[in-house]
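Each remark here refers to the structure printed beneath this line.
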2 protein chains.
Amino acid sequence: MTDTKSKHDQTYTISQIADALDISTRTIRFYEEKGLILPKRTAGNQRIYTPRNMARLKLILRGKRFGFSLEEISEMIGMAAANLNEVEQIEKSLKFGDTKLKEIKERKKELELLEQDILATRQKLIKRITQLNREQ
Amino acid sequence: MTDTKSKHDQTYTISQIADALDISTRTIRFYEEKGLILPKRTAGNQRIYTPRNMARLKLILRGKRFGFSLEEISEMIGMAAANLNEVEQIEKSLKFGDTKLKEIKERKKELELLEQDILATRQKLIKRITQLNREQ
DNA sequence: TAAATGGCTGACGTTTACGTAAACTGTAAC
DNA sequence: GTTACAGTTTACGTAAACGTCAGCCATTTA
C-alpha cells in the first residue's frame with residue numbers, strides 16, 4: 001500500500017465534467033439546483049466532483065435520452081437516496097424501481113418496432129431506386 | 001367482393017384518434033401544424049384520419065418516447081415523404097435512415113445500462129432491508 | 001328546428017430545460 | 001502582485017411542446 005492518489009481519490013472540476021460528458025456547466029449546475037446531484041465544495045466554494053458524481057450524471061443523461069423528464073429521473077434517484085431510511089421507504093423505492101423496470105421492458109419492445117418502421121421504409125426506398133435504375 | 005366498407009375504408013375523427021392514442025386533440029392539431037401529418041378534410045372542413053394516418057401518429061409517439069424531438073421525427077418522416085422524388089433525394093434519405101438505425105442500436109445498449117443501474121440499486125435496497133430485518 | 005355536442009382557427013399562457021449575461025470571487029501562471 | 005482564466009450566484013431570456021380559452025361553424029340527436 002502506498003499513499004499515492006488512488007483512482008478512488010480522483011476528483012474533477014465542473015468544466016472537466018462538462019467536457020467529459022459533453023454538456024454545459026450551466027446544465028450541471030441546473031441539475032444540482034434540481035437536487036439531482038450534490039457535489040462537495042472546496043474551501044473556496046468551488047464544486048468538486050467524484051467518480052461517483054460522474055456516474056450519477058451519466059445515469060441522468062441516459063435517462064434523458066429515453067425521454068424521461070428530470071422529475072422522473074429525480075424520483076429514480078430518490079430511490080437510491082432513501083438508502084438508509086426505514087423499511088417502508090425502502091419498500092416504496094423497490095416498488096418504484098420495479099415499475100421503471102417494466103417501463104424499460106416496454107421501451108425495449110418499442111425500440112424494436114421503431115427499428116422495423118425504419119427498416120420497412122428503407123426497403124421501400126431501395127425498391128423504388130431499383131425501379132428508377134431499370135427505367136433508365 | 002361486396003361493396004361493404006372494408007377495413008381499408010375505415011376513418012376516424014380527431015377525437016376518436018385522441019382517445020385511441022391517449023393524447024389531446026390539441027396535440028394532434030399541433031403535429032399537423034408542424035407538418036408531421038396531413039389528414040384529409042370533409043366537405044365541412046373537419047379532419048378525417050385513415051388507418052395510415054393513425055400508424056404515422058403511433059410512429060411519432062414511439063419516437064417521442066425515445067427522446068427524439070419533433071423536428072428529428074419530422075426528418076425521419078420526411079424520409080418516407082421523399083418516396084417519389086429523384087435518386088439523390090432517396091439516397092440522402094437512405095443515409096439518414098441508416099444513421100437513425102445506428103442511433104437505435106446505441107439506445108438499445110444504453111437501455112441495458114439503465115436497466116442494470118436500476119437492478120443494482122434494487123440489490124442494494126434488498127440487502128439493506130434484509131439487514132434491517134436481522135437487526136430487529 | 002332547436003339544443004347539445006364536436007370541430008375549427010387564432011391567440012395567449014405555461015412548463016421544462018436549459019442559454020446568456022452581469023457582477024463578483026478564487027486560482028494559476030508569470 | 002497582477003493579469004487572465006475558471007468558477008459562483010442571481011436573474012432574465014428562450015425554444016419546444018403543448019394547455020387553455022374565445023368565438024365561430026358543422027353535425028348529430030331530441
Side-chain angles (χ1 to χ4, degrees), chain A residues 5 10-50 53-54 56-78 103 110 114, chain B residues 5 10-50 53-54 56-78 103 110 114:
Chain A
K5 258 174 207 153
Q10 172 82 13
T11 62
Y12 312 89
T13 69
I14 194 166
S15 54
Q16 283 174 329
I17 294 279
D19 281 1
L21 302 184
D22 198 32
I23 54 180
S24 70
T25 58
R26 174 70 177 93
T27 296
I28 298 172
R29 293 197 192 93
F30 179 72
Y31 291 165
E32 182 178 341
E33 201 175 310
K34 293 283 152 178
L36 298 178
I37 27 166
L38 274 162
K40 295 273 157 60
R41 302 288 183 122
T42 67
N45 198 35
Q46 300 198 182
R47 292 167 175 83
I48 32 180
Y49 296 86
T50 66
N53 291 146
M54 172 84 105
R56 164 153 301 190
L57 277 167
K58 282 183 186 170
L59 170 59
I60 294 169
L61 296 177
R62 254 200 302 284
K64 282 216 62 192
R65 262 174 247 122
F66 286 100
F68 291 113
S69 72
L70 288 183
E71 199 175 328
E72 284 174 307
I73 294 169
S74 173
E75 282 172 25
M76 288 190 195
I77 286 173
E103 273 182 47
E110 293 195 343
L114 191 57
Chain B
K5 260 175 208 156
Q10 172 83 12
T11 62
Y12 312 90
T13 70
I14 194 167
S15 55
Q16 283 174 329
I17 295 279
D19 281 0
L21 302 184
D22 199 31
I23 53 180
S24 71
T25 58
R26 174 68 176 96
T27 296
I28 298 171
R29 292 196 194 96
F30 179 72
Y31 291 164
E32 183 177 342
E33 203 176 307
K34 292 283 154 179
L36 298 178
I37 27 165
L38 273 162
K40 294 275 157 62
R41 302 288 184 120
T42 67
N45 199 35
Q46 299 199 184
R47 292 166 174 84
I48 32 180
Y49 297 85
T50 66
N53 291 146
M54 172 84 105
R56 164 153 301 191
L57 277 168
K58 281 184 186 169
L59 171 60
I60 295 169
L61 296 177
R62 255 199 303 280
K64 283 216 60 193
R65 262 173 248 126
F66 286 99
F68 290 114
S69 73
L70 288 183
E71 200 175 328
E72 284 175 305
I73 294 169
S74 174
E75 282 172 25
M76 287 190 197
I77 286 172
E103 274 183 45
E110 292 196 342
L114 191 57

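Just so it is clear: chains get the letters A, B, ... in the order the sequence lines come, proteins before strands, and each one is counted from 1.
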Does A:Lys64 put a side-chain nitrogen or oxygen below 4.0 Å from OP1 or OP2 of C:dC18?
yes
Look at the side chain of A:Thr27 and decide which nucleotide, out of C:dG19, C:dG7, C:dT9, has an atom nearest to it.
C:dG19
Contact class for B:Thr25 vs. all strands (heavy atom < 4.0 Å): base, sugar-phosphate, or nothing?
nothing
From CD1 of A:Ile60 across to P of C:dA17 the rounded distance in Å is 12 Å
Determine whether a donor-acceptor pair (one donor, one acceptor, N or O, separation below 3.5 Å) exists between the side chain of A:Arg29 and the base of D:dT9.
no
Could you check A:Phe30 against B:Tyr49 and say which one's nearest nucleotide on DNA chain C is further toward the 5' end?
B:Tyr49
Please confirm whether the shortest side-chain N or O distance from B:Tyr31 to OP1 or OP2 of D:dC18 is below 4.0 Å.
yes
Nearest to the side chain of B:Leu70, which nucleotide is it out of D:dG7, D:dC18, C:dC8?
D:dC18
Measuring from atom CZ of A:Arg29 to atom CD1 of A:Ile14, what distance do you get when rounded to the nearest 0.5 angstrom?
4.0 Å
Any N or O donor-acceptor pair linking the side chain of A:Arg47 to the base of D:dT8 at under 3.5 Å?
no
Rounded to the nearest 0.5 Å, what separation is found between the CG atom of A:Asn53 and the CG atom of A:Leu36?
12.0 Å
D:dC18, OP1 or OP2 - any side-chain N/O from B:Ser24 closer than 4.0 Å?
no
Is any side-chain N or O of B:Thr13 closer than 4.0 Å to OP1 or OP2 of C:dG6?
no
Heavy-atom nearest nucleotide on DNA chain C taken for B:Arg26 and for B:Ile14; more 5' hit belongs to B:Ile14
